[in-house]
Structure formats: structure tokens, C-alpha cells
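Atoms within a ligand are numbered from 1 in the order they appear, just like the ligands themselves. Worth knowing before you read on, the calculation uses all heavy atoms, side chains too, and leaves out hydrogens, waters and symmetry mates. As the structure is a prediction and not an experimental result, all values here were calculated from the model. We number each residue from 1, following the sequence as shown.
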Amino acid sequence: MSNVIEELNLEIRTRRKKPYNKGAKIIINPELCKSCALCVFVCPTGVLEMVENKRNIYNYSAEAVAPEYCTLCQFCVYQCPDFAIVVEKEEGGEK
Ligand code: SF4
Ligand code: SF4
């Protein structure tokens with residue numbers, strides 16, 4: 001993994017203060033993702049990171065590595081230029 005991505009992911013992890021456990025289901029289509037990392041930057045609670053992914057033409061895609069911190073705010077969904085992200089609430093998740 002490149003140093004830039006590693007540094008980004010390390011910074012992002014500092015945003016995880018308290019799990020919300022809203023039962024978020026975060027679906028990212030790695031074939032639509034163009035590895036811009038905008039969603040990773042805008043997520044206020046550090047749910048997303050960039051990870052190596054051979055299904056992506058740039059070999060990296062965003063992934064929801066810490067969904068328990070998701071507040072269902074939808075910032076990542078609105079920010080993604082390629083409509084690659086869907087965030088839903090799982091059945092039975094807390095209000
Ligand atoms: S904003 Fe969309 S295209 Fe950019 S990294 Fe996130 S999922 Fe991929
Ligand atoms: S919905 Fe909000 S909290 Fe959840 S992953 Fe997207 S930006 Fe982060």
C-alpha cells in the first residue's frame with residue numbers, strides 16, 4: 001500500500017470516537033469507484049478507508065471498515081461523483 005494512502009487511513013482512524021451502532025449497511029461498488037477518496041475525507045466519523053482492491057482499475061477502492069461508527073448521515077453518498085455508494089439502515093438497527 002502506498003505511503004499516502006497509509007497516512008490517510010491513519011488520520012481517518014483518529015475520527016472514531018464513539019460507536020453509534022445504527023445498523024448501517026454501507027455498500028460500495030468497487031467497479032464504479034475511481035479511487036478519489038472524497039468519501040473517505042468527508043465521513044465525519046472515520047467509517048471509510050482506502051483499501052487495495054484488484055477489482056478496481058486503479059487497484060484501490062473505498063471500503064467501509066468500521067460501519068459501527070456510521071451515523072447514516074449520507075455525506076459520502078452525496079459526495080461520490082460516481083454514485084458508487086449506498087448507505088441503508090439494516091432491519092433491527094437502533095434508532
Ligand atoms: S467518492 Fe466514490 S469514487 Fe471516490 S473513492 Fe469514494 S466510492 Fe470511490
Ligand atoms: S453515511 Fe455518513 S457516517 Fe456513514 S459512512 Fe457515510 S459519511 Fe460516514
Looking only at protein heavy atoms, what sits closest to atom 4 (Fe) of ligand 1 is C36 SG, 2.2 Å

protein heavy-atom neighbour closest to atom 8 (Fe) of ligand 1 works out as C33 SG, 2.4 Å

Heavy-atom side-chain proximity of [X] to [Y] below 4.5 angstrom:
{"X": "I5", "Y": "N9", "result": "yes"}
{"X": "N59", "Y": "E52", "result": "no"}
{"X": "F75", "Y": "P44", "result": "yes"}

Under 2.8 Å from atom 8 (Fe) of ligand 2, protein N/O/S atoms total 1

Give the atoms of ligand 1, by number and element, whose distance to some non-hydrogen atom of [X] is under 4.0 Å.
{"X": "C80", "result": "1 (S), 2 (Fe), 3 (S), 7 (S)"}
{"X": "A37", "result": "4 (Fe), 5 (S)"}
{"X": "I85", "result": "7 (S)"}
{"X": "K34", "result": "3 (S), 8 (Fe)"}

Note: ligand 2 atoms sitting under 4.0 Å from heavy atoms of Q74 are 1 (S), 2 (Fe)

Q. For the hydrophobic clusters of this structure (ILVMFWY residues joined by side-chain heavy atoms under 4.5 Å, transitively), does one cluster hold both L38 and I85?
A. no

One should read off an interatomic distance between D82 CG and I28 CD1, to the nearest 0.5 angstrom, of 12.5 Å

- Item | Derivation of the side chain to side chain contact (heavy atoms under 4.5 Å, CB included) call for T71 and T45 | CA-CA 8 Å; T71 62; T45 53; 4.1 Å; yes

Closest non-hydrogen atoms of R16 and V65, given as atom of the first, atom of the second and distance, are NH2-CG2, 3.4 Å

Is the shortest side-chain N to carboxylate O distance from E49 to R13 below 4.0 Å? yes

Check your understanding: Going by atom types only, do N53 and S61 share a side-chain donor-acceptor pair under 3.5 Å?
Key -> yes

